[in-house]
Undergrad: 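First the structure, which I've put down as structure tokens, then a few questions once you've had a look.
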There are 6 protein chains.
Amino acid sequence: MPYVNIKITDEGVTAAQKAELIQGVTDLLVKVLNKNPQTTVVVIDEINTDNWGIGGETVTEKRKKK
Amino acid sequence: MPYVNIKITDEGVTAAQKAELIQGVTDLLVKVLNKNPQTTVVVIDEINTDNWGIGGETVTEKRKKK
Amino acid sequence: MPYVNIKITDEGVTAAQKAELIQGVTDLLVKVLNKNPQTTVVVIDEINTDNWGIGGETVTEKRKKK
Amino acid sequence: MPYVNIKITDEGVTAAQKAELIQGVTDLLVKVLNKNPQTTVVVIDEINTDNWGIGGETVTEKRKKK
Amino acid sequence: MPYVNIKITDEGVTAAQKAELIQGVTDLLVKVLNKNPQTTVVVIDEINTDNWGIGGETVTEKRKKK
Amino acid sequence: MPYVNIKITDEGVTAAQKAELIQGVTDLLVKVLNKNPQTTVVVIDEINTDNWGIGGETVTEKRKKK
């Protein structure tokens, strides 16, 4: 019955990568806690780099400095 | 003062249906817990079927199998 | 497949009231969006009144003023 | 190490305003709790006014009445 | 920079199991998306079975029926 | 109408510090976005250090190494 929410920046993540994350997290919960995969829910949020901050600045700004 | 977050897949939910969910949840919190509706907040997130997983696979994959 | 998170202040909510909220929200999603109740997840978070703010002050402070 | 999620309605918030929110929240956590800004994460979600309810109705409906 | 929130029922999960979940999710994000583990945050919420609903009833009720 | 959720580790945060966070975040939203403070909600979650991971390990483990 677990619920997992993964938040990542919106930077070209493919459908195949999302599917791999969903399967990987579900397998992990089965392995570690013996959870039922059929009711394990995973939701991925892709966040615009303008809307994600770390170290007091947006990821958009951080990317420009590199 | 309650805060409610509803996450559903992004599959053609209409503005009228969203309004009905918001009113229904607010009424429920008034009825069960006598909460003040004026400060009851409801936020609906519509999630792409590529980003929603259950049973270890995405809803996009699940829909294809039907 | 919906996921609903209800946040309320931790002020003596009974197990029966929680069960009523869970059933009510699930029924609402079935009625409005024809969702499958078997995979509808509802999680209730009860928050200490010191940790809930509205209008710039904690609910603990608000309760004292009444 | 704090994580902050800010949800606001999607009504023309600029990148500069988002950057100001991110810096302001990060500074606040440093000032009040002496947190390390380098691992302080802030995520801003902008929500369509059809998907935000208060007082039992959507913000879209509320705006029309004004 | 990802942020992951895992919600599970509060049923005797050990510190070692939580550490295994945190390491496993972090490794997965490194493997699939090449994310930096040093800024990958994982938060586990353990939820009382009275506060978790599925199929319209609480997990507490579900456990009794077994 | 904003909703803000602040997650921090559960390490002796006082009620006065929580009140300062709530007032500070509310003031920031008024200043930057001209939001109405009366419907601005702030919820603080304090998370056990066993349940918070960064860099693939729990904060409990990180604290021991210092």
Side-chain angles (χ1 to χ4, degrees), chain B, chain C:
Chain B
M1 252 163 332
Y3 169 79
V4 180
N5 180 226
I6 300 173
K7 288 187 199 292
I8 48 180
T9 45
D10 184 10
E11 300 179 280
V13 181
T14 66
Q17 287 172 320
K18 292 176 200 172
E20 196 177 343
L21 286 176
I22 286 166
Q23 182 160 21
V25 169
T26 305
D27 289 352
L28 183 71
L29 284 155
V30 172
K31 196 188 88 183
V32 178
L33 295 178
N34 199 28
K35 294 291 184 182
N36 178 3
Q38 290 314 312
T39 53
T40 295
V41 174
V42 183
V43 172
I44 300 170
D45 293 325
E46 294 171 275
I47 309 292
N48 191 293
T49 55
D50 280 355
N51 292 27
W52 193 296
I54 184 162
E57 63 183 355
T58 66
V59 174
T60 305
E61 291 161 342
K62 275 197 139 46
R63 294 278 187 266
K64 279 182 193 159
K65 290 181 183 170
K66 284 199 177 168
Chain C
M1 252 163 329
Y3 168 79
V4 180
N5 180 226
I6 299 174
K7 287 187 198 296
I8 49 180
T9 45
D10 184 9
E11 300 179 281
V13 182
T14 66
Q17 286 172 320
K18 293 176 200 172
E20 195 177 345
L21 286 175
I22 285 166
Q23 180 161 21
V25 169
T26 305
D27 289 352
L28 183 71
L29 284 155
V30 171
K31 196 188 87 183
V32 179
L33 296 178
N34 199 27
K35 294 291 183 184
N36 178 2
Q38 290 314 314
T39 53
T40 295
V41 174
V42 182
V43 172
I44 299 170
D45 292 324
E46 293 170 276
I47 309 291
N48 191 293
T49 57
D50 280 355
N51 291 29
W52 192 296
I54 185 162
E57 62 182 357
T58 66
V59 174
T60 305
E61 291 161 343
K62 273 196 141 42
R63 294 279 187 266
K64 280 181 194 160
K65 290 180 182 171
K66 283 195 181 171

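Just so it is clear: chains get the letters A, B, ... in the order the sequence lines come, proteins before strands, and each one is counted from 1.
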Undergrad: Determine whether C:Val25 and B:Val4 satisfy the following criterion, side-chain contact (heavy atoms from CB on, under 4.5 Å), listing intermediate values before the conclusion.
TA: CA-CA 10 Å; C:Val25 169; B:Val4 180; 6.0 Å; no
Undergrad: Go through C:Val13 and B:Val32 one step at a time and tell me if the side-chain contact (heavy atoms from CB on, under 4.5 Å) criterion holds.
TA: CA-CA 10 Å; C:Val13 182; B:Val32 178; over 6 Å; no
Undergrad: Using heavy-atom distances under 4.5 Å, tell me whether C:Leu21 contacts chain B through its side chain, its backbone, both, or neither.
TA: both
Undergrad: If you look at every heavy atom in C:Tyr3 and B:Trp52, which pair is closest and at what distance?
TA: N-CH2, 3.9 Å
Undergrad: I would like to know whether C:Leu33 and B:Ile8 meet side-chain contact (heavy atoms from CB on, under 4.5 Å); could you show each step before the answer?
TA: CA-CA 10 Å; C:Leu33 296 178; B:Ile8 48 180; 3.8 Å; yes
Undergrad: Do you know which of C:Lys35, C:Lys31, C:Glu20, C:Glu11 has the most heavy-atom pairs with chain B at a distance under 4.5 angstrom?
TA: C:Glu20
Undergrad: Less than 4.5 Å to any heavy atom of chain B: does that hold for the side chain of C:Val59, its backbone, both, or neither?
TA: side chain
Undergrad: Considering only heavy atoms, which portion of B:Val41 lies under 4.5 Å from any heavy atom of chain C: side chain, backbone, both, or neither?
TA: neither
Undergrad: In Å, rounded to the nearest 0.5 Å, how long is the span from CD1 of B:Ile6 to CG of C:Leu28?
TA: 7.0 Å
